[in-house]
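In this text the structure is predicted, and so the values were computed from the model without any measurement. Convention: sequence-line order gives letters A, B, ...; per-chain numbering from 1.
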Amino acid sequence: MNSSNEQAEMDDAEDFELADLPDDELVHQIHDDLYDGLKEEIEEGTNILLERGWAAEKVLNEALVGGMKIVGIDFRDGILFVPEVLLAANAMKGGMTILRPLLAETGVKPIGKMVIGTVKGDIHDIGKNLVGMMMEGAGFEVIDIGINNSVDDYFEAMEQHHPDILGMSALLTTTMPYMKVVVDEMVKKGIRGDYIVMVGGAPLNEEFGVAVGADAYCRDASQAVQTGQRLLQQRRAAAGA
Amino acid sequence: MNVRARKRSAGGREAKLAARKEASRKHAPAFIERRIPVYEMLDEGSLELIESNADTLLQEIGVEFRDFPQALKLFKDAGADVTGELVRFPRGLCRSIVKATAPAEYTQYARNPERNVIIGGPRTVLVPAYGSPFVRDLDKGRRYATLEDFRNFVKLTYSSTGLHHSGGTVCEPVDIPVNKRHFDMVYSHIKYSDKPFMGSVTRPERAEDSVAMAKIVFGDEFVENNAVMTSLINVNSPLTYDSTMLGSLTVYARHNQATVISPFILSGAMSPVTVAATAAQILAEALVGMAYAQLVRPGAPVIFGMFSSAISMQSGAPTFGTPEPSLVLYTVASLARRLGVPFRSGGGLCSSKIPDAQAAYESANTLQTAALAGVNFMLHTAGWLEGGLSMGYEKFIMDIDQADMLAVLLHGVDFSENGQAMDAFREVGPGKHFLGCAHTRANFETAFYRSKVADNNSFEQWEEDGSLDTAMRANKIWKKMLAEYEAPPLDPAIDEALLDFMARRKAQFADQNY
Ligand code: B1M
C-alpha cells in the first residue's frame, strides 16, 4: 500500500465485516485475502465458516486450497512476486493451524507433511526456502531443518515428525551425491518405502534424481508442489486399494 | 647493374604467416596496465555515508562465525565483542586492521616468470569463469563436466591472449570422486598451463593439499613468502561466515597465500533490494573477512571481492547484466580503493542458457562496467552461462574476444609522435586516402582491434561461407585452438614429484562422493 491513490481508494471503499457476508461471498473474500496475504483475515474467515457449521475439510478445500491455487498459478505466470507469495503462504499457514487439529479429529487425511533440508556440507538455502514456502502455501505442513544436514539429522527429523515427504536440496556437485548416502541408509534401515523422497537444486537433473534413488527430481518450487501432491495422492490411492 | 642481396625463404607467404603468429604471441602481456581513469560514480559524502552504515552494521548487528571458535578468539583478542558465535565490532576496528597490514597490491607468481601477475593498483587481471557443474557446446549440448572438459578449458585459457590467469574450478570434473577432485584440478593447472592459478577451498584439507602441490613447483620457502595462489572465499551473506570457507581462508593466510574475500550477493534474498544498502553490507562483510586474514597472518594478501546480482522478484532466480548491480559495482570499487586493497568483481555474467543475444548483452554490460570501474581481478571473464551453472565452449570464445578488446580500451590513447601521426597528414594531403601511406604501412597490423569472432564481410560472402552465426563461428575456433594447443614445458622431475604426491595422497583415503 505505498501509493496514496491506493490508500484513498481503500478509504473510499465501503467498510464491511467478514461475518456479515453470505457463504459464497465470504469464500470469495477469503480467496482475495489469501491473494493479498492477510493472515488475520484468513484466520477470522476460517473461524466464521467453522462456526457456520462447515466441515473442516470443506473449509480447507473450497476456501483455502481454492484460494492458494490462484496464487500458485499467478506465481507460476509471473503475475505475483515472491514477497507476495510469501505473505500468502503465511496467511494460508494461519488458516491451516486452525484446521489441522480438526481435520485430524475427523479422520480426514491432512494435505501432507514434509521435512526439508539442505544436505551436509552445503549452505545454499534460497531455493529450499522457496520450496518450503510454496509447499506451505499449498497447505502442507513443512518442517524446515535448515542447512548442512547429516544422515542423522534427517533421520532424527523423520522419527520426530513422521512426514509423508522427505525433501533434500543441494546446490553443489560436491554435496549432491550425499543425497544417495541418505537414501541408501533409509534402504538399509528398511524405511525407504515409508517416505516419498523428493530432491532438487540447480546442478541436479532428472537422471541424477533417479541415480540417487529419489522418487522425484523437482526443477522448481511450483513443480515441487505439484509433484508432492501427485505422489502423495498416488501413494494414498495405492495404500487404500 | 645493381644486384640486391636476398636470402632464400626470408619472405613470401610462409614467412609472413610465421612472423604474424610470433608477433601475436609477443603482444600478449601478462596483465593489463590501465592508462585510462576509473569511473568514480559517487561523491565523497555518499561514500562516507556507506562506510558509516557499514560500521553501524558491524557494531550493532554483527557477523556470525559458524562452528569456528578460532575466529571468535582472534577477534576477541583484537577488541571485538563476542557473544556466542556473534561478533560485534567497535567502529573502525576492521578497517584499521586491514589498513595496517593488508598489501595494496601483490605479485602472484606463475611457474613461468613472464606470466607473473601484479594484482592491485592500475592493473587488471582477467580470469576465466569458475564453478559450473555443467558444460555446453554446439555439438554435444549441455552435460555434466568431466576432467577432460576441465583440461580443455585450462588449455583454452592458456592459449587465450586476453586471459592472464588460469583460474580455479574452471568447471567441476564430476567424473572424479568429490574428495579427490582437487588434486586433478590443481595438477591440470600446473601441467597444461604456465599461468598463475587458484587453489581448492571446498575443505581446509584440500586447501592444504593445494599448498603442498604448489610447494613442489615453487619450493617450500618461496611459497611461505610469496603468493603463488589466489583462492576464492565466499561470504555466506547476510553477515555470516561458515566453517568451510573460514577453514580454507585460514590455511591460505597461514601460508601467506592470497584470498579473494567475496560477499556473493543476490540482492533481494541475501541483501536488501537497494544499491546503497547492498554496498554497505558488502563493505561490512568484506572488511571482516580481510581483517580475519590479517589477524591470522599480518600481511597475507587479500582481495576485496564482490559478486553482485539481483534475484528475479517473480521467481527467485538470479539475474545478470541489469543496471542495479552495475551501480553496486561502481560503488564498491570506489570503497575498495578508499580502503587501499585490490578489488575483484565483474565477468561475462549472464543467465542465458545458450550463447545468444541475451548472453552477449548481459555479459557485455558487466564486462564494460567492471573495466571502467577499475576491477583488478576479474573472475568469470570467459565461459559463463546460465548463472554459473554451465561453462560454454562457444561462449568462452566470444568472451575472450571481449577480453582482448578490454585490454585495448584500458590502454587508452597513444600520444607519442606515432600516435599523433602528423607525418601521415603531410604525406597524404587533402582529398586522397591513407591506405598506402608510410604511417599506415607501419601501423596497420595492430592499429585496430580485429575480432576473431565477428563477421564483417558482405552478405554474399557470409552466405558463401555457410551463413554461420556467432556461435557456429566460435565452435570452429575452440576446436582449432585445442587442435593447435602445445603444452608449455614442465620440468619432468617436478611433474613426476606431483604425480607421485597425488598417487600417495589419493591412496591414503577411500574415494568418497561427498
Ligand atoms: C524437494 O526438494 C527440493 C525441490 C526443489 C528444489 C530443492 C529441493 N532445492 C532447490 N529446488 C528447486 O527449486 C528452487 C526454487 O525454484 C530452485 O532452487 P535454486 O537454489 O536452484 O534457485 C534459487 C531460487 C536461486 N539460486 C541460488 O540461490 C543459487 C545461486 C548461486 C549463484 C549461488 C549462491 C547464491 C551462493 N553460493 Co554458490 N551459488 C551457486 C549458484 C549458481 C546458480 N545459478 O544456481 C553455485 C551453486 N555455488 C557454487 C560454488 C562453487 C560455491 N557456492 C558457495 C557459496 C554461495 C553463497 C553463500 C555465496 C550463496 C548461497 C547463499 C544462500 N543462502 O543460499 C560456496 C560453497 C559454500 C558451501 N559450503 O556450501 C562455493 C563453493 C564458492 C567457492 N568459493 O568456491 C557453484 C557450484 C559448483 C559446484 N561444485 O557444483 C555455483 C554453480 C556457482 C558457481 N558457478 O560458482 C530449484 O533448484
Legend entry - Trace of the side chain to side chain contact (heavy atoms under 4.5 Å, CB included) decision for Gln234(A) with Leu231(A): CA-CA 5 Å; Gln234(A) 281 171 6; Leu231(A) 292 179; 3.6 Å; yes
Mind checking whether [X] and [Y] have side chains closer than 4.5 Å, heavy atoms only?
{"X": "Tyr217(A)", "Y": "Val212(A)", "result": "no"}
{"X": "Ser237(B)", "Y": "Gln281(B)", "result": "yes"}
{"X": "Met158(A)", "Y": "Tyr195(A)", "result": "yes"}

Legend entry - Atom NZ of Lys93(A): over 12 foreign heavy atoms under 6.0 Å: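 Count not over threshold, so no.
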Legend entry - Option that, when pairs with chain B are counted at under 4.5 Å, heavy atom only, ranks first among Leu130(A), Ile126(A), Ile79(A), Ile123(A):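 Sorted descending by pairs with chain B, the first entry is Ile123(A).
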Legend entry - Choice from Asp220(A), Val85(A), Val181(A), Asn205(A) maximising heavy atom contacts with chain B below 4.5 Å: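 Top count of heavy-atom pairs under 4.5 Å with chain B: Asn205(A).
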Legend entry - Closest heavy-atom pair and its distance - Pro325(B), Ala310(B):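 Looking at all heavy atoms of both residues, the shortest contact is CG-N, 4.1 Å.
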Legend entry - Heavy-atom donor-acceptor pair, Arg181(B) side chain to Ile176(B) backbone, under 3.5 Å: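 Checked: pair present.
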Legend entry - Whether His189(B) side chain and Gly168(B) backbone form a donor-acceptor pair below 3.5 Å: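 Yes; at least one donor-acceptor contact below 3.5 Å.
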Inset, instruction - Check each atom of Arg66(B) against the heavy atoms of chain A and say whether the ones under 4.5 Å are side chain, backbone, both or neither. - result: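 The side chain, not the backbone.
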Inset, instruction - Identify which part of Ile311(B) has an atom lying under 4.5 Å from any heavy atom of chain A, answering side chain, backbone, both or neither. - result: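 Contact with chain A: none, neither part.
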Inset, instruction - With a 4.5 Å heavy-atom cut-off (strictly below), which parts of residues 162-175 of chain A touch chain B? List them by number. - result: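 Near chain B, by residue number: Thr173(A), Thr174(A).
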